[in-house]
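Just so we're on the same page: letters track the sequence lines, and every chain starts at 1.
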Amino acid sequence: MRELHRWANPTTWPTAPIPTARTETARMTSPRPVRTRFAPSPTGYMHIGGMRTAFFCWLWARHTGGTFILRIDDTDQERNVSEALQPIFRAFRWLGLDWDEGAEKGGPYAPYYQSQRSDIYRAAIKKLLIEGQAFKDFDPPEVVQQDRAEAEAAKRNYVNIRRSLELTPEKFAELEAAGTPFVVRLLVPRDQSVTIHDAVRGEVTWDCGTMPDPVLMRSNGSFLYNFASVVDDAAMEITHIIRAEEHLTNTCVQTLLFRALGSEPPVFAHIPFITAPGSTKKLSKRDLDKLRNTPALKKLFDRADEVFPKLGLGDSKSLSPVMVEYYEKMGYLPVGILNALARLGWSLDDKTEIMDLETIVKHFTLDRIVKSSAGFDGDKLQSLQAHWMNVLPLPEKIAGVKPYLEQVGWPADDTHLAKILPGIADRLKVFSDILDYAEFFVSDDALAFDAKALEKIRTQPQAREIVASLKKLLTEAPDVEAATIDPLVHQWAESQGLKMGQVVAPLRLGVTGRSVGIGLFDAIALIGKDSCLHRLTRLEQTL
RNA sequence: GGCCCGUUCUUCUAGCGGUUCAGGAAGCCGGCCCCUCAAGCCGGUAACGCGGGUUCAAAUCCCGCACGGGUCACCA
């Protein structure tokens with residue numbers, strides 16, 4: 001107990017650098033170089049909405065030639081911070097969003113973990129206490145709760161009662177001497193109001209008369225986010241705080257804190273939420289069940305349930321579209337994700353949709369951020385992704401697809417893939433889509449015939465005879481290049497008075513095991529004569 | 001409930017008083033192409049929350065209302 005409260009007397013506190021106020025002249029002579037930060041707490045995963053916020057911070061820094069900082073808000077040190085941080089770093093690295101200062105990198109304002117900055121917060125508390133801008137509140141939590149309950153019952157807005165400020169100096173000294181627990185609260189100037197000029201929302205004003213004095217330091221000596229965050233932003237010379245709209249209300253307190261600390265508040269930019277399309281609720285990991293049923297997201301969930309089990313990665317519950325990792329594991333391209341994220345609440349002009357990173361960086365400005373919330377549309381994402389996958393050079397496609405093939409035990413060499421991938425062409429939207437093309441990778445006997453397609457062929461008249469004739473045709477063909485087989489099959493169909501559909505369907509099923517896929521004659525050429533014949537024989541036997 | 005924010009097609013958005021009976025993209029529908037699927041091309045679909053002002057003129061400015069959201073912790 002005693003140890004816990006050794007901070008009771010400010011004069012015994014260690015000194016640490018106190019955030020310094022920038023001088024008026026320095027500010028006026030030249031605009032400060034932009035410094036933005038993203039400050040995640042170690043949650044064990046990276047939320048797609050958080051990623052978009054981080055992206056905007058990064059973009060603003062890159063657009064202005066400024067500095068982007070990754071700071072860790074780990075004031076609750078319960079969990080294993082290092083482990084819970086890995087997915088976050090991983091997401092940044094995967095997307096290619098680098099940071100100039102911060103966790104795992106260091107920099108002139110180190111440390112960048114809040115858990116390591118207690119001395120700095122302590123010094124700031126001391127300063128505020130000495131200056132009378134903050135005060136010790138000895139009211140125990142029960143009393144505060146009681147006050148709050150009473151205010152609520154009376155339908156009054158709750159404002160804390162400053163009993164500790166009414167104490168006589170003697171009583172105050174007595175409480176201190178006895179080591180009575182206390183919290184430190186900011187003394188809110190209740191006769192003032194706070195106005196900010198938000199870069200996105202414009203002028204926003206709050207009346208300080210109706211707000212409680214926020215707690216800065218808990219009775220156990222730890223600090224609150226709102227306080228630590230401002231101390232850090234001031235100390236790290238952050239010029240632009242770009243963050244989600246949910247923090248807008250915090251901004252009043254934080255502005256007051258910047259002022260109290262003698263620091264010029266940075267420019268705030270509160271960006272809109274990402275929601276589920278058709279809803280106005282924040283996209284949250286908590287209501288996955290609702291999300292999976294929203295039309296614009298359903299496909300993403302369904303695909304996860306199809307693909308992730310094959311890869312031994314669980315399903316859409318363990319790896320859902322609200323997590324950045326979903327996209328990485330599914331085989332999306334960073335440029336596709338970034339393009340989609342950029343278009344969520346920001347636009348370049350009235351028509352540009354396809355943008356690479358360089359274009360986005362070049363044009364990104366805060367004033368073009370939209371004010372209203374943005375629904376995360378899986379279809380739109382998919383279409384952007386499809387574009388970028390389509391323009392990806394072949395060697396990169398090969399490299400992207402290989403890990404998936406290895407994972408399911410269908411290894412293929414580059415030469416083989418260099419033939420197959422151009423055939424699959426734009427049907428490959430994400431790398432894991434390669435898993436849909438078993439026909440090019442599995443052995444003839446391992447190839448499964450699609451049940452539905454098989455049923456359909458069975459009901460088709462003369463299916464067996466057609467397959468038998470096609471086998472003969474293939475056997476006698478000089479080669480199985482598309483340019484050879486295509487006309488041969490056409491001629492034969494014509495000679496038999498058959499429509500191409502009647503001929504192609506069984507042939508496709510036999511050769512690829514499915515009723516859909518790439519151009520049939522290209523498929524035949526890729527699979528090769530022997531395999532095609534072998535597979536057709538198998539089909540004959542099953543018919 | 002107090003305070004704060006938001007509201008243009010199903011979705012993402014353009015629009016900052018006239019050049020817009022509102023433009024682009026995704027979706028959806030139809031057509032072309034075609035051995036299927038995908039892509040591509042062509043065409044179609046569909047919006048300024050409501051009510052008052054201001055103005056010669058309003059999606060655009062002002063005021064109400066409604067609806068949605070956020071936030072009100074010794075959480076982050």
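Relative to the side chain of A:Leu344, the nucleotides B:C12, B:G6, B:C75 differ in distance, and B:C12 lies closest. The A:Leu224 side chain lies nearest to B:C74 when the options are B:C74, B:C3, B:A26. Distances from the side chain of A:Ser41 to the nucleotides B:U71, B:A76, B:U13 place B:A76 closest. Proximity note for A:Val370 (side chain, C-beta onward) versus B:C72, B:U8, B:A14: the nearest is B:A14. The nucleotide whose nearest atom lies closest to any side-chain atom of A:Arg343 is, among B:C12, B:C74, B:U71, B:C12. With distances taken from any side-chain atom of A:Asp379 to the nucleotides B:A26, B:G6, B:C4, the minimum falls on B:A26. Picking from B:A25, B:A76, B:U7 the nucleotide with the shortest atom distance to the side chain of A:Glu353 gives B:A25. Taking only side-chain atoms of A:Phe273, from C-beta outward, the nucleotide of B:A26, B:G69, B:C74 with the closest atom is B:G69. Comparing B:G27, B:A76, B:C5 by their closest approach to the side chain of A:His247 singles out B:A76. Among the nucleotides B:C74, B:C5, B:G1, the one closest to any side-chain atom of A:Arg218 is B:C74.
For the side-chain contact (heavy atoms from CB on, under 4.5 Å) criterion with A:Pro214, the lone passing option out of A:Asn160, A:Val188, A:Asn226 is A:Val188. Partner of A:Asp147 under the salt bridge (Lys or Arg N to Asp or Glu O under 4.0 Å) criterion, chosen from A:Arg162, A:Arg156, A:Arg163: A:Arg163.
Between the side chains of A:Gln146 and A:Glu150, at least one donor N or O lies within less than 3.5 Å of an accepting N or O. A:Ser347 and A:Arg368 are linked by a side-chain donor-acceptor pair at a separation below 3.5 angstrom, with hydrogens and angles left out of the test. Judged purely by distance below 3.5 Å, without hydrogens or angles, the side chains of A:Ser229 and A:Asp232 never pair a donor atom with an acceptor atom. For A:His387 and A:Asn390, the side-chain atoms include no donor-acceptor pair closer than 3.5 Å. Under the 3.5 Å distance criterion, with hydrogens and angles disregarded, a donor-acceptor pair is assigned to the side chains of A:Arg218 and A:Ser222. At a cut-off of 3.5 Å, with distance as the only test, a side-chain donor of A:Gln382 or A:Tyr332 sits close to an acceptor on the other residue. No donor-acceptor contact under 3.5 angstrom links the side chains of A:Asp207 and A:Ser193, judged on distance only. Side-chain contact of A:His47 with A:Ser284: a donor-acceptor pair under 3.5 Å is absent, judged by distance alone.
The cationic group of A:Arg514 lies under 6.0 Å from the six-membered ring centre of A:Tyr437 and within 45° of the ring axis, placing it in a cation-pi geometry. Cation-pi geometry between A:Arg71 and A:Tyr112 is not met at under 6.0 angstrom from the ring centre and within 45 degrees of the axis.
Using atom P as the reference point in both B:C41 and B:A26, the two lie 9 Å apart (nearest Å). Using atom P as the reference point in both B:A58 and B:G17, the two lie 14 Å apart (nearest Å). Across the P atoms, B:U45 and B:U10 are found 14 Å apart, a figure rounded to whole Å. To the nearest whole angstrom, the two P atoms, one in B:C62 and one in B:C67, are 23 Å apart. Across B:U7 and B:U13, the matching P atoms stand 11 Å from one another, rounded to whole Å. Atom name C1', nucleotides B:U8 and B:G24: the rounded distance is 13 Å, in whole Å. Remark: the separation of the C1' atoms in B:C74 and B:G15 is 48 Å, to the nearest Å. Comparing B:G70 with B:A76, their C1' atoms are spaced 15 Å from each other, to the whole Å.
Note on A:Ala296: nothing from the nucleic acid sits closer than 4.0 angstrom, heavy atoms only. Contact annotation for A:Arg514: no contact, since no heavy-atom pair falls under 4.0 Å across all strands. Contact annotation for A:Arg185: backbone-only contact, meaning every heavy-atom pair under 4.0 Å involves sugar-phosphate atoms and none involves a base. As judged by a 4.0 angstrom heavy-atom cut-off over every strand, A:Pro140 is placed among the base-contacting residues. When heavy atoms are screened at a 4.0 angstrom cut-off, A:Thr352 is found touching no nucleic acid atom at all. Among the protein residues, A:Val204 comes within range of the sugar-phosphate backbone only, with heavy atoms under 4.0 Å from sugar or phosphate atoms but none that close to a base.
For the pair A:Glu203 and A:Ala39, nearest-nucleotide mapping onto RNA chain B gives the more 5' position to A:Glu203. Residue A:Thr275 is the one, among A:Val215 and A:Thr275, whose nearest nucleotide of RNA chain B lies closer to the 5' end (criterion: closest heavy atom).
A:Phe227 places its CZ atom 17 Å from the C1' atom of B:A73, with the value rounded to the nearest Å. One atom, CG of A:Asn250, and another, P of B:C4, lie 15 Å apart when rounded to the nearest Å. In this structure, CG of A:Asn157 is placed 8 Å from P of B:C3, rounded to the nearest angstrom. Atoms CD (A:Glu246) and P (B:C75) sit 17 Å apart, rounded to a whole Å. If you measure from atom NZ of A:Lys371 to atom C1' of B:A14, you get 14 Å, rounded to the nearest angstrom. A:Asp74 has its CG atom 11 Å from the P atom of B:A76, to the nearest Å. In this entry the distance linking CG of A:Asn339 with P of B:C12 reads 17 Å, nearest Å. Put simply, CD on A:Glu245 is 10 Å from P on B:C5, counting in whole angstrom units.
Pair assignment for B:G1: B:C72, on the basis of Watson-Crick or G-U wobble contacts that are both within less than 3.5 Å. Nucleotide B:A46: unpaired (no Watson-Crick or G-U wobble partner with both distances less than 3.5 Å). Remark: B:C56 base-pairs with B:G18; criterion is Watson-Crick or G-U wobble with both hydrogen-bond distances under 3.5 Å. Of the nucleotides present, B:A66 is the one that pairs with B:U7 by Watson-Crick or G-U wobble criteria, both distances under 3.5 Å. Under the Watson-Crick or G-U wobble criterion, with both distances below 3.5 Å, B:G40 is paired with B:C32.
Applying the 3.5 Å distance criterion, the base of B:A25 shares no donor-acceptor pair with the side chain of A:Lys351. Counting distance only, with no hydrogens placed and no angle test, the side-chain atoms of A:Ser219 and the base atoms of B:C74 include a donor-acceptor pair under 3.5 Å.
Between A:Ser347 and B:A14, a side-chain N or O to OP1/OP2 separation shorter than 4.0 Å is present. At B:C3, none of the side-chain N or O atoms of A:Thr210 fall inside 4.0 Å of OP1 or OP2 (strictly under the cut-off). The phosphate of B:G70 has neither OP1 nor OP2 within less than 4.0 Å of any side-chain N or O from A:Arg201.
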Worksheet item: What does nucleotides 32-45 of chain B look like as a protein-contact string, B for base, S for sugar-phosphate only, - for none, at under 4.0 angstrom between heavy atoms?
Response: ---BBBBS------

